[in-house]
Amino acid sequence: MKRGKLYFAVATVCCLVILLSLGVVGAAKKIVVGFSQVGAESAWRTANTESIISEAKKRGIELKFSDAQQKQENQIKAIRSFIAQKVDVIGFSPVVETGWEPVLREAKRAKIPVILSDRAVDSKDTSLWVTFMGSDFVEEGRRAGKWLAEKMKGKANIVELQGTVGSAPAIDRKEGFEEIIKSYPNMKVIKSQSGDFTRSKGKEVMEAFLKAEGKNIDALFAHNDDMAIGAIQAIEEYGLKPGKDIIIVSIDAVRGAFEAMIEGKLNCTVECSPLLGPQFFDAVEAIMAKKPLPKRIVTKEGIFPQEVAKEVLPTRKY
Ligand code: AHR
C-alpha cells in the first residue's frame, strides 16, 4: 500500500475510534426511562412492577425504578430526580389523584414527556402528560355491582372495603358500584371504610365491621383481592363462613383470589390487569420515534365467578 493511502486509512480508523467513544456514531443511544411506582401494597402491584422491569430488560431500555412506599412525597422526589437526570421519558402510577401539577409542570418545562400508568391524575391541564394507560376503574365497580345485585336478588346489607383514600381506583370503583346499587332499593351499603389496598388493613377494618354489625352483614365489596383475603380471615375468626354467610366480590383477579374461590371462600373477582409493561414501553418507543399516541389507552378485562375458578387458575399469569 502506498504511503499516502496508508496515512488515509490510519486517519479514518482514528476518527472512527474518536467518534465511537464520543457516542456520535455506532450503536443507537439507549433509551432511559424513569418510573415511579406506588409501592408494594398488593399482589397486583408486585405483578405490575415485575411486568415493567422485565419488559424494560427485554427491550434493552435503561430503567430507573423507584418505589414510593405509598407516599406521594416520595413520588414527587423521584420525579424531580428523574428530571435532574434528564431521562428520556417519565412514567408513574400516582398514589392519589391530586397534587401533581407543580412537579408535572417542571417535567414539561424540561421537555420530558410523561406517561400515566395504571392510575389517573385529577388536573384540567391534560398537556402535562402524553397518554394515560390502564383500566376503566368505574366500569370495574359497575361489574362488581351488577354481579352482586344478581347474586343477592336485589337485597343485601353490604359492607365496603375501599382502596387508598384519594386514589383513582378507590374513587372510581366506589362510583361505579354505587351507580348500579342505587337502582336496587333493598341493597344498602351499611358500612364503608378504607383498607388501603392491603391485606392487613382489610382484615383490621373487617373486624371492626363485624364487631359493629355482626350477622347483619350479607355481603362484602372489597376494592381489591388483597383486602378481601384479609377480610376472609377476619370472618373466619369471627366464626362465620366467608363465601356462604357473607358473599364476597372483589377486584383484580390475582391468583390468591382464584385459590380462595376454589376453597369456596370468595364468590367473584373482577379483572384488573397489572401486565402493563408491554403497553407502557410501546408508548415509550412511540414517543421516541415521534409517533402520535391516543390520550387514553384502556386495558381489556373480564370477570370471573367462583364456578370458573378451577378451570381458569392454571392460565392466570399473576
Ligand atoms: O391501581 C390498581 C390498584 O392498586 C389495584 O386494584 C390494587 O390491588 C392496587 O394496589
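Both counts, for ligands and for their atoms, begin at 1 and track the order of listing.
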>> Please determine whether side chain to side chain donor-acceptor pair (under 3.5 Å) holds for the pair D125 and S127, giving the CA-CA distance in whole Å, both sets of side-chain angles, and the decisive distance to 0.1 Å.
In response: CA-CA 5 Å; D125 186 358; S127 74; 2.6 Å; yes
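Remark: distances from the non-hydrogen atoms of E140 to ligand 1 are all 4.0 Å or more. Not a single heavy atom of D226 lies less than 4.0 angstrom from ligand 1.
Ion pairing between R45 and D118 holds under the 4.0 Å rule for side-chain N and carboxylate O. Taking a cutoff of 4.0 Å between a charged side-chain nitrogen and a carboxylate oxygen, E73 and K77 do not qualify as a salt bridge.
Closest to atom 6 (O) of ligand 1, if we only count protein heavy atoms, is D252 OD1, 2.6 Å. Nearest to atom 10 (O) of ligand 1 among the protein's heavy atoms is E41 OE2, 2.4 Å. Closest protein heavy atom to atom 3 (C) of ligand 1: R119 NH2, 3.7 Å. When hydrogens are left out, the protein atom nearest atom 2 (C) of ligand 1 is D118 OD1, 3.4 Å; that is the closest non-hydrogen contact.
Judged by distance alone, the side chain of D218 and the main-chain N or O of N157 form a donor-acceptor pair under 3.5 Å.
Aromatic ring orientation, F177 versus F221: parallel (interplanar angle below 30°, classes split at 30° and 60°).
Between the CD1 atom in I171 and the CD atom in E97 there is a gap of 4.0 Å [rounded to 0.5 Å].
Considering backbone and side-chain N/O atoms, H223 never comes within less than 3.5 Å of an N/O atom of ligand 1.
In summary, the side chains of Q85 and S81 do present a donor paired with an acceptor at a separation below 3.5 Å, with no hydrogens or angles considered.
Proximity of R173 to ligand 1, defined as any heavy-atom pair under 4.0 Å, is confined to the side chain (atoms from C-beta onward).
Atom numbering of ligand 1 starts at 1 in the shown order; those under 4.0 Å from a heavy atom of P169 are 1 (O). Taking a cut-off of under 4.0 Å to the non-hydrogen atoms of S42, the atoms of ligand 1 that pass are 7 (C), 8 (O), 9 (C), 10 (O).
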